[in-house]
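Below: one structure, written as structure tokens.
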Amino acid sequence: MIRVHEAILVEGRYDVNAVRQVVDAVVLETGGFRIFNDKDQLRLLRRIASARGLILLTDSDGAGFVIRNYLKGALPAGRIKQAYIPDIQGKERRKRHGSKEGKLGVEGMRPNVILQALRRAGATFEQEGDAPEADHAPITKADFYAWGLSGHPDSAKRRAAVLHALDLPAHMTANALLAFINAVGTREEIGQIIRQAGAGD
């Protein structure tokens with residue numbers, strides 16, 4: 001089993017079990033929205049993030065993004081990596097009813113999907129060495145504007161096409177998408193994806 005250096009933070013105990021079946025890592029849970037009122041847990045997460053880095057891996061529904069965005073502002077800048085699972089419709093076996101948005105959460109993801117999400121987030125796999133850094137100039141908000149991904153009447157539709165092409169959740173904001181693509185791809189690769197998605201026409 002591959003060991004991940006960073007701690008991984010998920011929403012609930014079933015998510016913890018799913019991730020631990022894929023990688024050898026410190027896996028923590030927020031307890032859902034309880035994280036908003038648990039100052040002790042937040043202090044612990046700050047310490048862990050400072051010591052070894054922390055990967056946020058929440059569900060791709062609206063609730064998951066509320067938790068993700070709260071933690072992004074509450075934890076040390078530069079010590080957090082964002083791992084995203086794709087939007088996949090369905091219901092976990094243990095649940096009688098699906099989620100409000102009808103999407104599978106982390107616990108419902110196949111192992112290879114979780115592993116790919118961690119790879120794309122830039123997780124440090126200790127058996128493989130550090131994840132390579134992309135040798136490119138950072139993509140900027142000006143690039144997004146030039147590509148029609150922000151500041152235009154149809155920018156939301158264009159971003160949705162890119163998110164779909166990258167197999168990322170529809171709830172991602174333009175800023176979250178910008179941060180993600182700077183972490184995982186070169187300008188050439190992203191440009192190709194935008195052209196294939198028809199977002200740069």
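Arg120 places no side-chain N or O within donor-acceptor distance of the main-chain N or O of Tyr84, the cut-off being under 3.5 Å. Without hydrogens or angle criteria, Glu107 side chain to Asn17 main chain gives no donor-acceptor distance under 3.5 Å. Without hydrogens or angle criteria, Arg79 side chain to Ala49 main chain gives a donor-acceptor distance under 3.5 Å. A donor-acceptor pair is defined here as one N or O able to donate and one able to accept, closer than 3.5 Å; such a pair exists between the side chain of Asp143 and the backbone of Thr140. A donor-acceptor contact shorter than 3.5 Å is absent between the side chain of His5 and the backbone of Ala123.
Residues Leu9 and Val106 do not share a hydrophobic cluster, clusters being chains of Ile/Leu/Val/Met/Phe/Trp/Tyr side chains in contact below 4.5 Å. Criterion: ILVMFWY side-chain heavy atoms under 4.5 Å apart, direct or through other members. Under it, Leu75 and Ile8 are not part of a common hydrophobic cluster. Hydrophobic cluster membership is shared by Val16 and Val19, with clusters built from Ile, Leu, Val, Met, Phe, Trp and Tyr side chains linked at under 4.5 angstrom. A chain of hydrophobic side-chain contacts below 4.5 Å, direct or via other Ile, Leu, Val, Met, Phe, Trp or Tyr residues, connects Leu28 to Val66. Each of Tyr70 and Ile55 belongs to its own hydrophobic cluster when Ile, Leu, Val, Met, Phe, Trp and Tyr are linked at side-chain heavy-atom distances under 4.5 angstrom.
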Give the intermediate values and the outcome of side-chain contact (heavy atoms from CB on, under 4.5 Å) for residues Thr124 and Arg52. CA-CA 10 Å; Thr124 305; Arg52 65 186 300 152; over 6 Å; no

Which is it for Val26 and Ile48 under the side-chain contact (heavy atoms from CB on, under 4.5 Å) test, yes or no, and what are the steps along the way? CA-CA 10 Å; Val26 174; Ile48 292 170; 5.5 Å; no

Yes or no on side-chain contact (heavy atoms from CB on, under 4.5 Å) for Met109 and Leu57, after CA distance, side-chain angles and deciding distance? CA-CA 12 Å; Met109 292 292 121; Leu57 179 60; over 6 Å; no

side-chain contact (heavy atoms from CB on, under 4.5 Å) between Ile35 and Glu11, worked out: CA-CA 9 Å; Ile35 188 66; Glu11 291 182 51; over 6 Å; no

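For the pair Leu177 and Leu166, the minimum side-chain heavy-atom distance is below 4.5 Å. Residues Leu71 and Thr30 have side chains in contact (heavy-atom distance under 4.5 Å, counting atoms from C-beta outward).
Minimum heavy-atom separation, Val23 to Met1: C-SD, 3.3 Å. The nearest pair of heavy atoms linking Leu56 to Arg68 is O-NH1, 3.3 Å. Counting all heavy atoms, side chain and backbone alike, Ile85 lies closest to Gly105 at CD1-C, 3.7 Å. Of all non-hydrogen atoms in Asp87 and Ala170, the two that sit nearest each other are OD2-N, 2.7 Å.
Note: His171 and Phe65 have tilted aromatic rings, judged against thresholds of 30 and 60 degrees for the angle between ring planes.
One distance of note links CG of Asp15 with CG of Asp59; it measures 5.5 Å at 0.5 Å rounding. Atom CD1 of Ile67 and atom OG1 of Thr58 lie 7.0 Å apart (nearest 0.5 Å). Expressed to the nearest 0.5 Å, how far CD1 of Ile80 lies from CD of Glu6 amounts to 10.0 Å. In this structure, CG in Asp24 is found 12.0 Å from CZ in Phe125, a value given to the nearest 0.5 Å. The CG atom of Leu168 lies 10.0 Å from the OG atom of Ser60; values are rounded to the nearest 0.5 Å. To the nearest 0.5 Å, atoms CH2 (Trp147) and CZ (Arg159) are separated by 14.0 Å.
The neighbour count for Tyr145 OH, taken as heavy atoms of other residues, nucleotides or ligands under 6.0 Å away, does not exceed 12.
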